[in-house]
Amino acid sequence: MPDRWTTRYFLKGFFLLGLLNVAFGEDPSASVFEKQVGPVLQNTRERLIQVEQALADVRKTDRLALVLLQLRTAIQGHFPFEREVALARLVGQGKKDISEALDVLAPHATTGVATVAELRDSFGMILLPKLQSLLEGEQTWGEWARGWMATTIASGLKPTPRQQQVISATDRLTEDDLSGAVEEISKMDGPAATMVARWLQEANARLAIDRICVILAKMGVEILSRP
C-alpha cells in the first residue's frame, strides 16, 4: 500500500489548492498556483498508482508461486487433485508454460494416480504371480525362481526372453526405477502384454506427472527468486 504520509501530502495539496481558488475567486484552470504545483501533484498521483499496481503484481506473483508448489505437493500422492488444478488455472491465466503443464495433469485430476511405491507393490503382489503362472504353467514365482536358479547354476541355462523381462522389471522396481521397469514391461507381447496393459497405463501416467512435478517446482522457485 502507498506510504500514508505520501497519501496525506497528496490530499492536502489538492485541498489547499481548492481553498486558494475559492479565496481569490479564480478559475482553477487559470490559477498560477495550480500551474506551478499541479504538475507535481499529478506526478505524485501517477507514482502512487504505479506503486499500487506494482504491489498488486507482487501479491499475484507470490500467490501463483504458492499455488504451484501446493499443486506439486498434491500430485506427488495418489489422491485426486482437481481443486488444485482449477486454482492454478485461475491464478496462472495467460501463462502458456503453466497452461501446458496443467493440460498434462487435467486428465488425471479427478482420479489421482498411483505412486511409485503403490505401482511396485501392485506389480509384485498382483501381476507378478499371474505373469509367472502364464509363463510357467502352475508354478508359483518362488518355485519358478528356485527352479531357475538351480537350473542355471547346474547347467548354465539362461531364462527365456519373456522371463528375463519379468526379472529385469522386478529388479528395476525394487530400485524405484519406474522408467526402467516400464521400458522392460513394454517389451512384452501376446497375453502377457494384455495382462500388464492397465498397469503400464498407470505407470506412464505417473512418469508424466513426475516430470510435471519437476517443472512446477522449478517454476515456483524461479518466481519466488525474482527481485
Side-chain angles (χ1 to χ4, degrees), residues 67-92 96-145 148 159-221:
V67 167
L68 292 180
L69 294 177
Q70 181 182 2
L71 175 58
R72 175 181 177 271
T73 300
I75 64 178
Q76 287 179 311
H78 65 271
F79 296 106
F81 44 87
E82 188 175 16
R83 183 180 62 180
E84 287 80 1
V85 168
L87 182 58
R89 284 198 187 279
L90 178 64
V91 179
K96 183 179 179 182
D97 51 351
I98 294 176
S99 179
E100 291 175 348
L102 296 179
D103 288 343
V104 176
L105 299 177
H108 314 288
T110 57
T111 59
V113 177
T115 64
V116 174
E118 290 169 337
L119 288 166
R120 180 184 62 236
D121 292 345
S122 64
F123 183 85
M125 293 189 298
I126 300 174
L127 285 179
L128 189 55
K130 293 181 179 180
L131 287 170
Q132 288 309 125
S133 178
L134 178 66
L135 297 178
E136 299 293 332
E138 296 301 320
Q139 277 189 312
T140 64
W141 165 251
E143 292 171 340
W144 179 84
W148 173 78
T160 65
R162 289 200 299 176
Q163 292 170 345
Q164 185 59 54
Q165 289 168 1
V166 174
I167 294 170
S168 297
T170 304
D171 290 342
R172 300 291 83 75
L173 287 173
T174 301
E175 299 167 356
D176 285 338
D177 180 8
L178 182 60
S179 179
V182 167
E183 183 179 354
E184 291 294 335
I185 296 173
S186 297
K187 299 175 183 176
M188 295 181 181
D189 55 10
T194 303
M195 189 176 294
V196 301
R198 184 174 179 180
W199 186 93
L200 270 179
Q201 184 179 10
E202 191 84 355
N204 280 314
R206 170 47 59 185
L207 289 175
I209 285 180
D210 284 349
R211 287 192 290 270
I212 297 300
C213 196
V214 174
I215 293 173
L216 291 177
K218 184 178 179 181
M219 287 181 182
V221 171

Subject >> Intermediate values then yes/no, side-chain contact (heavy atoms from CB on, under 4.5 Å), M188 and V166 >> reply: CA-CA 9 Å; M188 295 181 181; V166 174; 3.7 Å; yes

Subject >> Audit row: F123, L131, side-chain contact (heavy atoms from CB on, under 4.5 Å) steps and yes/no >> reply: CA-CA 10 Å; F123 183 85; L131 287 170; 4.0 Å; yes

Original post:
Where do K218 and V214 land on the side-chain contact (heavy atoms from CB on, under 4.5 Å) test, with the steps shown first?
Top reply: CA-CA 6 Å; K218 184 178 179 181; V214 174; 5.7 Å; no

**OP:** Go through the steps to decide whether D189 and R162 satisfy the test side-chain contact (heavy atoms from CB on, under 4.5 Å), and finish with yes or no.
**Re:** CA-CA 9 Å; D189 55 10; R162 289 200 299 176; 4.0 Å; yes

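Taken from CD in Q76 to CG in D210, the straight-line distance is 8.0 Å, to the nearest 0.5 Å. We find the CG-CD distance between L69 and E84 to be 12.5 Å, quoted to the nearest 0.5 Å. Note that NE2 of H78 and CG of L119 are 11.5 Å apart. Values are rounded to the nearest 0.5 Å. Atoms CZ and OG1, from R120 and T115 in turn, are 8.0 Å apart once rounded to the nearest 0.5 Å. Taking CZ of R89 as the start and CD1 of I98 as the end, the distance is 11.0 Å to the nearest 0.5 Å. Note that CD of E202 and NE2 of H108 are 8.5 Å apart. Values are rounded to the nearest 0.5 Å.
Residue V85 forms a side chain to side chain contact (heavy atoms under 4.5 Å, CB included) with just one option from D103, T110, L71, and that option is L71.
Considering every non-hydrogen atom in both L68 and G220, the closest pair reads CD1-N, 4.5 Å. The shortest non-hydrogen separation linking C213 to R72 is SG-CG, 3.3 Å. Shown here for F81 and G112, the closest heavy-atom pair between the two residues is CE2-CA, 4.1 Å. When every heavy atom of V182 is checked against every heavy atom of S186, the shortest pair comes out as O-OG, 2.6 Å. Contact detail for A169 and A181: the closest heavy-atom pair is O-CB, 3.8 Å.
A donor-acceptor pair under 3.5 Å is absent between the side-chain atoms of S133 and the main chain of P129, judged by distance alone. Between the side chain of R206 and the main chain of V116, no donor-acceptor pair closer than 3.5 Å is present.
Two residues are said to be in side-chain contact when any heavy atoms from C-beta on lie closer than 4.5 Å; L87 and R83 fail this criterion. Contact annotation: the side chain of L127 never approaches that of I185 to less than 4.5 Å [non-hydrogen atoms, C-beta and beyond].
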